[in-house]
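Worksheet for the structure shown next.
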Amino acid sequence: MALCLKQVFNKDKTFRPRKKFEPGTQRFELYKKAQASLKSGLDLKAVVQLPPGESINDWIAVHVVDFFNRINLIYGTMSEYCTERSCPIMSGGLKYEYRWQDDSKYKKPTKLSAPQYMCMLMDWIEMLINNEDIFPTRIGVPFPRQFQQVCTKILTRLFRVFVHVYIHHFDSIINMGAEAHVNTCYKHFYYFIREFSLIDHRELEPLVRM
């Protein structure tokens, strides 16, 4: 039996604590505007377009945080099916393997299981979006020059979560009755990254047939 959205994306299953936008801030208003557009049933290609007069970096920041929260929920929902035993390698089928690298513990690309990779990924993104030097929240504080490059790296790695879920765990998503919600989230993500050319097209190849 198909589950309702509230049951499928149960907050108790969230993989990491959700970052929220502070009421009264510009980003909170942008977030509300983006959510209202989504709920209005507008075409997703139109929803992702930069609203007139708004800052592109603010618009990207709002979406990066929102996608982190949404993909966090998706993976948290089906993480019980993604184990060290079922997914000893973080991959997207036989052709694509994703290795983890950061600036601290893993300084060289390192083979990890999918659950380990997801843990490292969510910790890494959470650290970045809570860093005021990268995602400033105070009025008048500018974004750093490398902001969009950082967002490209975040979104590229979040895309790999979709790759892994679609190729290795979509049966579980279907059994939970969540495929429509996952598909909508993916399409929203895809149109956004294409609108602003935020991910190299070669990274999209694992799901190109979609």
Side-chain angles (χ1 to χ4, degrees), residues 1-20 63-130 151-190 193 199-200 202-210:
M1 181 182 296
L3 303 178
C4 70
L5 179 60
K6 185 176 180 181
Q7 290 173 303
V8 171
F9 294 152
N10 187 332
K11 289 185 179 180
D12 293 338
K13 291 186 175 183
T14 304
F15 198 54
R16 287 287 182 276
R18 302 185 73 186
K19 180 177 174 68
K20 297 180 179 178
H63 281 80
V64 167
V65 173
D66 191 40
F67 286 133
F68 168 65
N69 287 334
R70 290 173 182 272
I71 295 169
N72 182 11
L73 280 169
I74 288 172
Y75 184 72
T77 299
M78 46 68 57
S79 59
E80 63 188 283
Y81 305 105
C82 183
T83 65
E84 301 283 335
R85 184 173 181 178
S86 68
C87 305
I89 298 172
M90 175 58 183
S91 61
L94 298 175
K95 189 175 178 181
Y96 300 95
E97 178 184 325
Y98 301 119
R99 298 189 176 191
W100 182 258
Q101 183 177 14
D102 53 38
D103 295 325
S104 54
K105 186 177 180 180
Y106 297 98
K107 296 187 177 181
K108 293 181 179 180
T110 305
K111 182 181 294 188
L112 298 176
S113 68
Q116 287 177 307
Y117 188 100
M118 300 298 184
C119 281
M120 298 302 300
L121 174 60
M122 299 305 175
D123 279 344
W124 175 76
I125 296 175
E126 191 173 25
M127 175 193 69
L128 289 174
I129 63 179
N130 286 315
C151 289
T152 286
K153 197 166 186 179
I154 291 172
L155 294 168
T156 296
R157 290 181 171 184
L158 281 175
F159 179 78
R160 295 171 183 176
V161 180
F162 280 119
V163 174
H164 185 75
V165 168
Y166 270 118
I167 293 177
H168 295 279
H169 300 292
F170 201 61
D171 285 348
S172 298
I173 294 293
I174 290 173
N175 289 338
M176 289 187 288
E179 68 272 22
H181 307 303
V182 175
N183 287 342
T184 298
C185 183
Y186 173 70
K187 284 191 286 186
H188 185 199
F189 181 94
Y190 177 81
I193 61 170
I199 295 183
D200 189 296
R202 290 172 295 183
E203 285 283 342
L204 305 178
E205 288 179 2
L207 298 182
V208 69
R209 286 182 295 177
M210 295 184 62

Check: Roughly how far, to the nearest 0.5 Å, is OG1 of T152 from CG of D200?
Finding: 9.5 Å
Checklist line | Which atom of G76 lies closest to which atom of S79, heavy atoms considered | finding: O-OG, 3.1 Å
Notebook entry, point to check: So E179 and I173, side-chain contact (heavy atoms from CB on, under 4.5 Å) or not? Walk me through it.
Noted result: CA-CA 6 Å; E179 68 272 22; I173 294 293; 4.1 Å; yes
Next item on the list: For residues F170 and N183, report the shortest heavy-atom separation together with the two atoms involved.
Entry: CZ-OD1, 4.0 Å
Item checked: Nearest non-hydrogen partners of I167 and P206, listed with the distance -> CD1-O, 4.2 Å
Notebook entry, point to check: Do the side chain of Q101 and the main chain of K107 share a donor and acceptor less than 3.5 angstrom apart?
Noted result: yes
Next item on the list: Assess the pair Y166 and Y186: is the distance between their ring centroids shorter than 6.0 Å?
Entry: yes
Notebook entry, point to check: Which heavy-atom pair separates L155 from F67 by the least distance, and what is that distance?
Noted result: CD2-CD1, 4.3 Å
Notebook entry, point to check: Between Q116 (side chain) and S113 (backbone), is there a donor-acceptor pair under 3.5 Å?
Noted result: yes
Next item on the list: Check whether any side-chain N or O of H164 sits under 3.5 Å from a backbone N or O of G92 as a donor-acceptor pair, and report yes or no.
Entry: no
Item checked: From M118 atom CE to N72 atom CG, the distance as rounded to the nearest 0.5 Å -> 11.0 Å
Check: H168 and Y81: aromatic ring centres closer than 6.0 Å?
Finding: no
Note to self: Is it the case that over 12 heavy atoms from other parts of the model lie below 6.0 angstrom from the OH atom of Y98?
What the structure shows: yes
Checklist line | Minimum heavy-atom distance between C87 and C82, given as atom pair plus value | finding: SG-SG, 3.8 Å
Checklist line | Considering all heavy atoms, the nearest D102-M120 contact | finding: OD2-CE, 3.7 Å
